[in-house]
Amino acid sequence: MQENFPKHVAVIMDGNGRWATSLGKKRTYGHYIGSLVVDKITKSAAKIGIKYLTLYAFSTENWSRPKSEVRFLMALLKTQLRKKERLFEDNNVKFGVIGNLSAFDSRIVEVINGLIKKTANNNGMKLNLALNYGGKYEIVQAVKKVCEDAKNKYLNIDNIDEKIFERYLYTHDMPDVDLLIRTGGEKRISNFLLWQSSYAEFVFFDKHWPEFTEDDLVAAIDEFKQRKRRFGGL
Ligand code: FPP
C-alpha cells in the first residue's frame with residue numbers, strides 16, 4: 001500500500017433533494033437513487049483498497065426534516081439494509097454503525113445487528129454508516145463515560161490524554177479520517193466526525209450525491225495524493 005493512499009475515507013452524501021428537484025421529481029426520489037450510489041461506491045471503495053469508508057446517512061439534525069421525508073428515509077434504510085448481505089459477502093466488507101441507534105425502530109436495529117454479526121469475520125474494507133450521528137453528541141457522550149470511569153476509579157484523571165479519550169468514541173477501533181469528501185456544493189463539515197477529521201484533507205464536489213461515480217472517488221484520491229500533509233509541522 002502506498003504511503004499517501006487514504007486509509008479512512010469519509011463522505012458527506014449531500015444534494016439528493018436538490019438533484020431530484022432539479023429534475024422535477026420529489027426529494028425522496030433523490031434519496032432512493034442516492035441509496036443505489038451507496039452500493040456502487042461501497043463496491044468501488046473496497047475494490048480500490050480503501051480500508052475504512054464512513055458514510056453520513058442520517059445526522060442528529062435530520063430529524064427536524066418534514067415527517068414524511070424522515071419516514072421515507074427510515075423505510076428506505078430498512079429495505080436497502082435488508083438487501084445488503086450479498087453485497088457485503090461478495091466484497092468482503094465488514095459492516096458497522098456509528099451513532100445513537102436508540103432512536104430507531106427496533107426492526108431497523110435488528111437488521112443492523114444481523115448485518116454486523118454476519119459480516120464480523122470479513123476482513124476487507126470496514127463500512128461504517130453514520131446513523132443518528134452528531135459529532136458534538138459523540139464527544140459529549142465520550143466525556144460522560146470518561147467522567148463515569150474516573151468517578152469509579154477505572155481512570156486516573158492525570159493520565160487522560162488524546163489516545164485514552166479516543167477509546168470512548170464510536171471510532172475507537174479505526175484510524176482518523178484521511179480524506180473527507182462532500183458532494184452537493186456546500187463547503188462545511190456539518191457536525192460530522194469533528195474529532196476524527198482534525199487533519200483530514202477535504203475534497204468538495206459541486207455535483208450531487210446521486211451523480212457521484214467511481215471515477216469521482218478515484219479523482220478525490222488522486223487529489224489527496226497531491227496534498228502535502230504536515231499535521232501542524234513543517
Ligand atoms: C443529504 O441530501 C442526504 C441525506 C440527508 C440522506 C442520505 C441518505 C442516503 C444517500 C440514502 C442512504 C441509504 C442507505 C441504505 C445507506 P439532502 O437531502 O440534504 O439534499 P439537499 O441538500 O439537496 O436537500
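Note that ligands are numbered from 1 as they come in the structure, with each ligand's atoms numbered from 1 the same way. Residues: numbered from 1 along the sequence shown.
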Student: Give the residue and atom name of whichever protein heavy atom lies nearest to atom 6 (C) of ligand 1, and the separation in Å to one decimal.
Tutor: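 Among all protein heavy atoms, the one nearest atom 6 (C) of ligand 1 is Ala57 O, 3.4 Å.
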Student: Is there a heavy atom in His208 that sits closer than 4.0 Å to ligand 1?
Tutor: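 His208: no contact with ligand 1 (<4.0 Å).
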Student: Within ligand 1, which atoms have a heavy atom of Asn62 less than 4.0 Å away?
Tutor: 5 (C)
Student: Return the residue, atom name and 0.1 Å-rounded distance of the protein heavy atom closest to atom 9 (C) of ligand 1.
Tutor: Asn16 ND2, 3.8 Å
Student: I'd like to know if Leu87 and Ile50 are part of one continuous hydrophobic network [Ile/Leu/Val/Met/Phe/Trp/Tyr, side-chain heavy atoms within less than 4.5 Å].
Tutor: yes
Student: So which protein heavy atom does atom 21 (P) of ligand 1 come closest to, and at what separation?
Tutor: Arg18 NE, 3.5 Å
Student: So which protein heavy atom does atom 1 (C) of ligand 1 come closest to, and at what separation?
Tutor: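 Ranked first by proximity to atom 1 (C) of ligand 1 is Met13 O, 3.2 Å.
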Student: At what distance is the nearest protein heavy atom to atom 18 (O) of ligand 1, and which residue and atom is it?
Tutor: Arg65 NH1, 2.7 Å
Student: Can we say Glu166 and Lys163 salt-bridge, meaning some charged N sits less than 4.0 Å from an Asp/Glu carboxylate O?
Tutor: yes
Student: Charged N to carboxylate O under 4.0 angstrom, Arg182 versus Glu186?
Tutor: no
Student: Examine the side chains of Asp178 and Tyr199 and answer whether a donor and an acceptor come within less than 3.5 Å of each other.
Tutor: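 No, Tyr199 and Asp178 have no side-chain donor paired with an acceptor closer than 3.5 Å.
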Student: Evaluate Arg27 for polar contact with ligand 1, using N/O atom pairs at a separation under 3.5 Å.
Tutor: yes
Student: Filter on side chain to side chain donor-acceptor pair (under 3.5 Å), then keep only pairs touching residues 71-82, sequence neighbours left out; what's left?
Tutor: none
Student: Does ligand 1 come near enough to Gln80 that some N or O of the ligand is less than 3.5 Å from an N or O of the residue?
Tutor: no
Student: Does ligand 1 have an atom that lies less than 4.0 angstrom from a heavy atom of Gly15?
Tutor: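 Yes.
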Student: In the protein, which heavy atom is nearest to atom 13 (C) of ligand 1, and how far is it?
Tutor: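 Nearest neighbour among protein heavy atoms for atom 13 (C) of ligand 1, to 0.1 Å: Ser35 CB, 3.7 Å.
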Student: So for ligand 1, is Tyr56 a polar contact partner (N or O within less than 3.5 Å, distance only)?
Tutor: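 No, no N or O pair falls under 3.5 Å.
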Student: Check this for me, if you would: do Glu214 and Lys47 make a salt bridge, where the nitrogen-to-carboxylate-oxygen distance has to be below 4.0 angstrom?
Tutor: yes
Student: Stepwise, does the ring pair (Phe, Tyr, Trp, His ring centres under 6.0 Å) test hold for Trp63 with Phe104?
Tutor: CA-CA 11 Å; Trp63 298 107; Phe104 286 92; 5.7 Å; yes
Student: Between Arg107 and Asp105, is the closest basic N to carboxylate O distance under 4.0 Å?
Tutor: yes
Student: State the atoms of ligand 1, each with its element, that fall below the 4.0 Å cut-off from a heavy-atom position in Leu129.
Tutor: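 Contacts of ligand 1 toward Leu129, numbered from 1: 16 (C).
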Student: Are there over 12 heavy-atom neighbours, none belonging to Lys144, within less than 6.0 Å of that residue's NZ?
Tutor: no
Student: Between Gly17 and ligand 1, is there a nitrogen or oxygen pair with a distance under 3.5 Å?
Tutor: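 Indeed, backbone or side chain, Gly17 has an N or O that close.
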Student: Which residues satisfy the ring pair (Phe, Tyr, Trp, His ring centres under 6.0 Å) test with Tyr32, sequence neighbours excluded?
Tutor: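 Partners of Tyr32 under the ring pair (Phe, Tyr, Trp, His ring centres under 6.0 Å) test: none.
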Student: What is the nearest protein non-hydrogen atom to atom 14 (C) of ligand 1, stated with its residue, atom name and distance?
Tutor: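 The closest heavy atom on the protein side is Leu77 CD1, 4.0 Å.
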